[in-house]
Amino acid sequence: MPFPIHRMRRLRRVPQLRDLVRETELTPKDFILPVFVCPGRKISKPISTLPGHDHMSADVFVEKCREAEDLGLGGVILFGLPESKDEVGSGAYAEKGVVQRALIEAKKAGVGIPLITDVCLCEYTSHGHCGVLKDNDVDNDATLEILARTAVSQARAGADMVAPSDMMDGRVGAIREALDANGFEHVPIMSYAAKFASVFYGPFREAAGSAPSFGDRKGYQMDPANAREALREMELDLEEGADILMVKPALPFLDVIREAADSFPVPIAAYNVSGEYAMVKAAAEKGWLDEAGAMWESLTAVKRAGASVILTYFALDAARAIADR
Ligand code: PBG
């Protein structure tokens with residue numbers, strides 16, 4: 001007879017006991033802050049679809065890195081808004097590209113927080129697809145070389161880790177090989193391994209100006225219905241040399257995060273994407289949801305599911321909340 005011998009409420013009675021038995025604890029170093037860098041100086045332009053986030057020039061980015069570092073975040077990940085776009089996304093690998101300049105400036109300023117770069121072409125192509133086109137389709141193998149060039153140029157500018165998000169087959173291997181051939185064998189790859197074709201990227205595409213001008217990304221990003229296929233994607237990326245495996249988005253794919261953590265003995269990252277952030281922000285703005293509570297519960301769920309690295313637009317807010325406790 002379990003009751004009344006067993007009473008689950010005993011350990012919930014006071015905050016100190018609840019603290020004692022809490023299984024999942026968030027710390028600032030769990031979080032990676034996404035930032036959008038743009039050309040110019042002293043620019044800090046609010047992004048309407050991501051309240052609290054700005055397009056920022058390299059000098060402002062350096063300040064943002066300092067803030068993130070002071071709060072103890074695990075890293076920042078850079079996305080670029082180039083001056084101009086073209087068919088092949090050449091701005092992605094330009095020596096003086098917008099991300100490269102920001103990296104150089106931050107490293108020169110002595111920023112210590114890990115700087116991670118998103119490796120993808122969609123912010124740099126005129127058509128908004130994540131690779132180069134052939135017959136109105138993304139040409140996988142021709143894209144690999146451009147992605148590899150991009151990763152090398154980012155490492156040369158100071159990236160501490162590269163994170164390919166394009167979902168081409170073979171990109172992790174191609175990037176690993178190119179990094180190694182150029183003396184960057186110490187630069188890790190965080191692969192967006194299980195990246196689903198999700199509507200939750202909507203606010204990001206507004207922010208990055210990267211929505212595809214025709215079609216969609218279903219020909220390269222995964223079908224949200226497929227969890228077993230996600231394991232296969234992750235297995236292949238590991239074989240090709242990925243150091244960290246990412247699941248993206250986070251909350252709609254907690255089962256995939258759990259499976260990944262149970263299946264692969266490498267750090268698992270999860271991207272709490274723009275739409276997940278925007279939903280909380282919008283509901284809070286209407287007074288329908290407590291923002292801090294929703295943030296906390298979301299991030300805790302992602303960590304509880306098995307992610308030890310969480311990319312989130314809440315990174316600074318969550319770290320501040322931890323510092324204020
Ligand atoms: C680039 C990229 C995207 C995101 C991260 N890297 C957009 C996309 O694939 O369309 C989305 C991030 C977010 O929604 O917060 N490929």
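Because the structure is predicted, anything quoted here is derived from the model rather than measured. Order of appearance sets the numbers: ligands from 1, and atoms from 1 within every ligand.
For Y313 and H53, the gap between ring centers is short of 6.0 Å. Taking the centre of each ring, F314 and F31 stay at or above the 6.0 Å mark.
Look at Y277 and you'll find every heavy atom at least 4.0 Å from all atoms of ligand 1. Heavy atoms of M167 stay at 4.0 angstrom or farther from ligand 1.
Electrostatic pairing of K64 and E67 counts as a salt bridge here, judged by a charged N lying under 4.0 Å from a carboxylate O. The pair D160-K107 meets the salt-bridge criterion, with a side-chain N (NZ, NE, NH1 or NH2) lying under 4.0 Å from an Asp/Glu carboxylate O. The pair D262-R258 meets the salt-bridge criterion, since a charged nitrogen lies less than 4.0 angstrom from a carboxylate oxygen. Salt bridge R41/E105: present, at least one basic N to carboxylate O contact under 4.0 Å.
Near C122, the atoms of ligand 1 lying under 4.0 angstrom from a non-hydrogen atom of the residue are 1 (C), 16 (N). Atoms of ligand 1 found under 4.0 Å from any heavy atom of K248 (numbered from 1 in listed order, with element): 2 (C), 3 (C), 4 (C), 5 (C), 6 (N), 11 (C), 12 (C). Counting atoms of ligand 1 from 1 in the listed order, those under 4.0 Å from a heavy atom of Y271 are 12 (C), 15 (O). Set against the non-hydrogen atoms of Y313, the atoms of ligand 1 under 4.0 Å away are 12 (C), 13 (C), 15 (O). Close approach of ligand 1 to F79 (heavy-atom distance below 4.0 Å) involves ligand atoms 5 (C), 6 (N). Which parts of ligand 1 touch K195 is read off a 4.0 Å heavy-atom cut-off, strictly below it: atoms 1 (C), 2 (C), 3 (C), 6 (N), 8 (C), 9 (O), 16 (N). Close approach to S165 involves these atoms of ligand 1, each under 4.0 Å from a residue heavy atom: 1 (C), 2 (C), 6 (N), 16 (N).
Counting heavy atoms under 4.0 Å from ligand 1, residue D118 touches it through the side chain alone. Here C120 has side-chain heavy atoms under 4.0 Å from ligand 1, and that is the only part of it that gets that close.
Where the criterion is an N or O separation shorter than 3.5 Å, residue side chain and backbone included, S274 meets it with respect to ligand 1. Looking at ligand 1, you'll find an N or O of Q221 within less than 3.5 Å of one of its N or O atoms.
The shortest distance between side-chain heavy atoms of Y201 and S210 does not fall below 4.5 Å.
Annotation for L121 and G131: closest pair CD1-CA, 3.9 Å, computed over non-hydrogen atoms.
Judged by the 6.0 Å and 45° rule, K45 forms no cation-pi pair with F36.
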